[in-house]
Amino acid sequence: MANYDIETASAPDEVLEENTKAAAESENISDTFSEADSSDIFDDRVEDTLAEKNNKKKKKMIILAVIAGIIILLIAACSVSNAIKSKNAVKDMYTDASVERRTIINTITGSSSIEPNDSYNVTTIKSGDITADYFKEGDTVKKGDKLYQFDDKDAANSLSGAQNAITKAQNSLSDAQKSYNDQYVTSSISGKVKSVAVKNGDNVMSGAEIATVYDDTYMKIRLPFNDYDATEVYIGAEAQVSVTGSRDVIYGKVTEKSSRSSAADAHTMVVYATIEVANPGALSEKDSGSAVVNGVACSDTAKFEYISTQKITAKASGTVNNLNISMGDGVYNGQKVAYIKSDTANTTLSNAQLSMDDAKLSYEKAKDAINDYIVEAPIDGTVVTKNAKAGDTVDSGNSTEALCVIYDLSCVKFSLEVDETEIALVKTGQKAAVTAEAVEGEFEGKVVKVPVDGVNQNGVTTYTIEIEIDNYGDLLPGMNVDATIVVDEAENVIAAPVNSVNRGNIVFVKDNGQPYENDVTDIIRKRTEERTQEDKNDSKKPADDRKDNEKILDDSGKDMDTSDIPSNIEIPEGYRAIRVETGINDTEYIEIKSGLTETDMVRTLNTQASSAGAFFGSDEVMMQNMNGMSGGPGGGMNNDMSGGPGGGMNGGHGSGPMGR
């Protein structure tokens with residue numbers, strides 16, 4: 001409001017008009033009295049008229065000045081009244097609250113709709129007539145259960161032909177394998193090589209002799225006994241065998257006896273008995289001997305013989321390779337003694353193996369083809385929709401409709417979108433309380449999937465988690481549900497209202513004269529004073545000269561880092577600034593891990609009163625604004641209402657509680 005406006009009030013045109021009229025009247029009077037030669041009467045009247053006009057002007061100016069003063073006083077009074085009301089509102093915004101023990105539960109909530117654990121649209125690649133179906137809608141089926149049978153006559157014929165081809169190929173392969181194995185010449189007894197009939201490189205035919213092997217472990221001798229003593233010689237009787245030219249006696253047994261007597265010469269009838277003995281090691285077919293059985297001596301001597309002698313023959317025609325025995329070598333039963341290479345046998349086996357593979361492949365294709373005419377359940381579940389039945393004709397090339405739909409209802413599930421700021425709190429295995437408007441009661445869910453990739457839309461990233469319900473009762477797919485996930489819980493912990501914790505984890509505690517843990521009141525005030533002084537001096541000290549890291553001791557007696565303690569936070573009168581360590585929080589309370597006790601009272605923001613007011617800050621800041629209204633440094637009504645440093649409508653600064 002300029003000085004000109006105050007002095008002239010609001011009527012400058014009226015004053016100008018009065019002055020103009022006074023000048024005109026003065027001229028008229030002058031003209032009238034000029035005829036009287038400017039007498040004294042004229043002079044007196046002019047003076048009186050001018051004096052009267054000046055008095056009126058002074059009265060009007062006084063009245064206007066009084067009005068302007070009243071207006072200024074009214075404006076100032078209104079400002080003071082509003083400031084007082086604002087101050088009271090600020091005081092109402094804050095209240096003292098007790099620190100207490102309680103259980104804090106941090107939750108994430110959301111809504112979604114129920115889905116089956118798994119679902120499957122049953123389809124077929126075959127076209128044709130459905131000859132049978134084996135279920136009805138609502139049935140429970142197991143994986144692999146037969147659902148539909150299609151007409152498969154052609155496929156069945158193909159499968160039968162493939163089976164016959166496999167049988168034929170198997171027989172051919174067996175014959176070829178035998179011919180291949182016959183190339184290997186083996187001994188069928190254990191013993192010694194008596195003779196070798198071939199050498200490497202010889203060409204032989206099937207059945208040709210390769211070698212002769214005898215078993216010299218046991219020997220036998222066939223001796224004659226006089227007919228009249230034959231009754232004492234019987235099978236199983238023990239015998240004493242003597243080797244001719246040796247005093248050695250070998251014990252054996254009678255193993256054979258002739259059924260009738262025969263003439264040994266013109267005067268004697270004899271019975272022949274065969275006696276077997278264990279070869280002590282030196283007997284051979286060159287040796288001869290005699291024997292006594294039950295006191296009856298034989299009537300003549302005879303040569304010893306090997307009990308077992310066998311010829312080894314070739315079973316395949318070809319060239320002798322790898323002959324690995326010589327006369328006198330010992331061999332065992334099953335030992336390979338030579339290889340008869342037969343190109344025909346090898347080629348036959350190779351062809352038979354290929355034919356067998358082809359037959360198996362054709363059979364598998366035929367079996368798969370016939371399986372295509374059978375539709376089985378792909379999962380365990382419940383049939384919720386049946387679109388096809390026996391007698392229907394299906395064109396798989398043109399139909400997009402499933403034959404039936406199966407739901408796996410071993411459990412149900414639903415998805416929730418979680419904001420990027422909360423996804424780190426969600427873990428698999430966490431429980432979720434689930435409710436639905438359509439079904440009474442509460443159901444227990446479990447987080448089974450937490451993705452690592454989110455979806456960004458309009459600058460907001462969300463993550464879709466999956467929750468599973470095992471005991472879902474009457475919940476059905478499609479029903480809407482609400483879920484609450486307990487992501488963290490702290491039982492019986494010290495807690496304070498969330499709105500009592502300011503930025504920097506500073507809490508204002510009612511000063512009861514007792515020392516507090518982690519008290520940073522003096523540090524904040526000192527820094528505030530230093531910065532205020534720097535602002536006034538319009539200078540800034542170098543960082544090295546600032547004492548932002550004053551050392552104080554925490555509750556464990558260790559130095560506490562104070563570098564992040566705010567310096568522009570105002571501490572209310574009667575409170576101490578305590579730095580606390582916080583934990584989890586819900587919508588009302590936050591866990592205090594250190595810094596406060598249950599006996600403390602903390603200053604907290606009353607959110608309802610805050611909403612009723614038109615500002616957010618401390619009452620000290622509002623007092624600064626009020627002081628600016630009445631004219632602080634650089635402020636006041638005559639400072640264009642903008643305020644200078646610390647004054648005016650926009651003067652001052654403040655801070656309110658900061659949440660986690």
Colleague: Given side chains that start at C-beta, do those of Leu605 and Tyr94 come closer than 4.5 Å, heavy atoms only?
Modeller: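 Yes. Closest side-chain heavy atoms under 4.5 Å.
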Colleague: Output yes when a side-chain donor or acceptor of Tyr407 lies under 3.5 Å from a complementary backbone atom of Pro477, and no otherwise.
Modeller: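 No, because the side chain of Tyr407 does not come within donor-acceptor range (under 3.5 Å) of the backbone of Pro477.
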Colleague: For the atom pair CG (Asp408) and CD1 (Ile379), what is the distance rounded to the nearest 0.5 Å?
Modeller: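 Nearest 0.5 Å value for the CG-CD1 distance: 5.5 Å.
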Colleague: Looking only at heavy atoms, what is the nearest atom pair of Val394 and Lys126, with distance?
Modeller: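 Shortest heavy-atom contact: CG1-O, 4.3 Å.
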Colleague: Within a radius of less than 6.0 Å around OH of Tyr120, do more than 12 heavy atoms belonging to other residues, nucleotides or ligands occur?
Modeller: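 Result for OH/Tyr120: open.
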Colleague: How about Glu137: does its CD atom have over 12 heavy atoms from other parts shown lying under 6.0 Å from it?
Modeller: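 Counting other residues, nucleotides and ligands, CD of Glu137 exceeds 12 neighbours.
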Colleague: Would you compute the distance between atom OG1 of Thr123 and atom CD of Glu401 and round it to the nearest 0.5 angstrom?
Modeller: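 Spacing of OG1 (Thr123) from CD (Glu401) equals 12.0 Å.
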Colleague: Enter the distance from Asn502:CG to Ile578:CD1 here, rounded to the nearest 0.5 Å.
Modeller: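 Spacing of CG (Asn502) from CD1 (Ile578) equals 12.0 Å.
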Colleague: Determine yes or no for a side-chain-to-main-chain donor-acceptor pair under 3.5 angstrom, with Thr521 supplying the side chain and Ala577 the backbone.
Modeller: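 Yes: the side chain of Thr521 pairs with the backbone of Ala577.
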Colleague: Do Pro451 and Ile465 come close enough that some side-chain heavy atom pair is under 4.5 Å?
Modeller: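 Sidechains of Ile465 and Pro451: in contact.
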Colleague: Between Glu437 and Asn480, is the side chain to side chain contact (heavy atoms under 4.5 Å, CB included) condition met? List the steps.
Modeller: CA-CA 7 Å; Glu437 291 186 3; Asn480 295 319; over 6 Å; no
Colleague: For the side chain of Ser112 and the backbone of Ser415, is there at least one donor-acceptor N/O pair under 3.5 Å apart?
Modeller: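 It does hold such a pair.
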Colleague: Of Lys146, Lys389, Lys386, which is the lone residue that meets side-chain hydrogen bond (donor to acceptor under 3.5 Å, both in side chains) with Asp133?
Modeller: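 Exactly one option meets the side-chain hydrogen bond (donor to acceptor under 3.5 Å, both in side chains) with Asp133, and it is Lys386.
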Colleague: Before accepting this row, confirm whether a basic side-chain N of the pair Arg527/Glu530 lies closer than 4.0 Å to the acidic partner's carboxylate O.
Modeller: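 Salt bridge: no.
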Colleague: Considering only heavy atoms from C-beta outward, does the side chain of Thr582 approach that of Ile592 to under 4.5 Å?
Modeller: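 Contact flag for Thr582/Ile592 side chains = yes.
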Colleague: Please round to the nearest 0.5 Å and tell me the distance separating atom CD1 of Ile524 and atom CD1 of Ile565.
Modeller: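 Those atoms lie 6.0 Å apart.
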Colleague: Is there a donor-acceptor pair closer than 3.5 Å between any side-chain N or O of Arg101 and the backbone N or O of Asn492?
Modeller: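 The answer is yes, because a donor-acceptor pair under 3.5 Å joins these two groups.
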Colleague: Going by atom types only, do Ser396 and Ser127 share a side-chain donor-acceptor pair under 3.5 Å?
Modeller: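 Per modelled atom types, Ser396 and Ser127 side chains form a pair under 3.5 Å.
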Colleague: Can you check whether Ile485 reaches Ile467 side chain to side chain, under 4.5 Å on heavy atoms?
Modeller: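 Yes; the side chains approach each other to less than 4.5 Å.
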Colleague: Walk me through it: do Cys404 and Thr385 pass the test side chain to side chain contact (heavy atoms under 4.5 Å, CB included)?
Modeller: CA-CA 5 Å; Cys404 64; Thr385 304; 5.9 Å; no
Colleague: Mark yes or no for whether Asn387, through its side chain, and Ala402, through its backbone, hold a donor-acceptor pair below 3.5 Å.
Modeller: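 Looks like yes, one N/O pair under 3.5 Å.
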Colleague: Taking the side chain as every heavy atom from C-beta outward, state whether Lys427 and Val447 have any atom pair closer than 4.5 Å.
Modeller: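 No, side chains not in contact.
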Colleague: More than 12 heavy atoms of other residues, nucleotides or ligands under 6.0 Å from CD of Glu598: yes or no?
Modeller: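 Enclosed.
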Colleague: Please round to the nearest 0.5 Å and tell me the distance separating atom NZ of Lys446 and atom CD of Gln430.
Modeller: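 So the NZ of Lys446 and the CD of Gln430 are separated by 12.5 Å.
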Colleague: Do other residues, nucleotides or ligands put more than 12 heavy atoms under 6.0 Å from the CG atom of Asp395?
Modeller: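 Yes, enclosed.
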Colleague: Just do the side chain to side chain contact (heavy atoms under 4.5 Å, CB included) check on Phe508 and Arg576 with the steps written out, would you?
Modeller: CA-CA 5 Å; Phe508 298 140; Arg576 304 292 295 181; over 6 Å; no
Colleague: Can you confirm whether Tyr472 sits close enough to Val439 that some side-chain heavy atom of one is under 4.5 Å from a side-chain heavy atom of the other?
Modeller: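 Tyr472 does not reach Val439 side chain to side chain.
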Colleague: Considering all heavy atoms of both residues, which atom of Ile130 and which atom of Phe150 are nearest to each other, and what is their separation?
Modeller: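 Scanning both residues completely, I find the closest heavy atoms to be CG1-CZ, 3.6 Å.
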Colleague: For the side chain of Glu591 and the backbone of Ile584, is there at least one donor-acceptor N/O pair under 3.5 Å apart?
Modeller: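 The answer is yes, because a donor-acceptor pair under 3.5 Å joins these two groups.
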Colleague: Kindly give the heavy-atom pair with the smallest separation between Thr124 and Asp372, and that separation in Å.
Modeller: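 Heavy atoms of Thr124 and Asp372 come nearest at OG1-O, 4.0 Å.
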Colleague: So do the side chains of Leu147 and Ile406 get within less than 4.5 Å of each other, counting heavy atoms only?
Modeller: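 With C-beta onward as the side chain, the pair touches.
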Colleague: Which atoms form the tightest heavy-atom contact between Ile590 and Ile104, and what is the distance?
Modeller: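 Answer, listing the atom of Ile590 first, then Ile104: C-CD1, 3.5 Å.
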Colleague: Do the side chain of Asp511 and the main chain of Gly574 share a donor and acceptor less than 3.5 angstrom apart?
Modeller: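 Judged by distance alone, no pair lies under 3.5 Å.
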Colleague: Would you say the side chain of Thr382 lies within less than 4.5 Å of the side chain of Thr140, judging by non-hydrogen atoms?
Modeller: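 Of all side-chain heavy-atom pairs linking Thr382 with Thr140, at least one is under 4.5 Å.
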Colleague: Spell out, as yes or no, whether a donor-acceptor pair under 3.5 Å connects the side chain of Glu517 to the backbone of Thr597.
Modeller: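 Not confirmed, Glu517 side chain does not pair with Thr597 backbone.
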Colleague: Does CG belonging to Asn371 count more than 12 external heavy atoms closer than 6.0 Å?
Modeller: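 Yes, enclosed.
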Colleague: For residues Asn585 and Asn106, report the shortest heavy-atom separation together with the two atoms involved.
Modeller: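 Smallest heavy-atom distance, with atoms named: O-CG, 3.5 Å.
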Colleague: Looking at Asn117, is its backbone amide N or carbonyl O close enough to the side chain of Lys413 to form a donor-acceptor pair, meaning the two atoms are under 3.5 Å apart?
Modeller: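 Answer holds: yes.
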Colleague: Using side chain to side chain contact (heavy atoms under 4.5 Å, CB included), reason through Tyr373 and Gln149 one step at a time and then give a plain yes or no.
Modeller: CA-CA 6 Å; Tyr373 290 87; Gln149 175 65 60; 4.1 Å; yes
Colleague: Hydrogens and angles aside, do Asp139 and Tyr134 bring a side-chain donor and acceptor to less than 3.5 Å of each other?
Modeller: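 No pair is found: no donor N or O on one side chain lies under 3.5 Å from an acceptor on the other.
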Colleague: When rounded to the nearest 0.5 angstrom, what distance separates OG1 in Thr400 from CG in Asn121?
Modeller: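 It comes to 10.5 Å.
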Colleague: Between Asn518, Asp519, Asn512, which is the residue that forms a side-chain hydrogen bond (donor to acceptor under 3.5 Å, both in side chains) with Tyr516?
Modeller: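 Exactly one pass, corresponding to Asn512.
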Colleague: Could you pull out the closest heavy-atom pair between Ala97 and Thr604, with the gap in Å?
Modeller: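 In this case the closest contact between Ala97 and Thr604 is CB-CG2, 3.9 Å.
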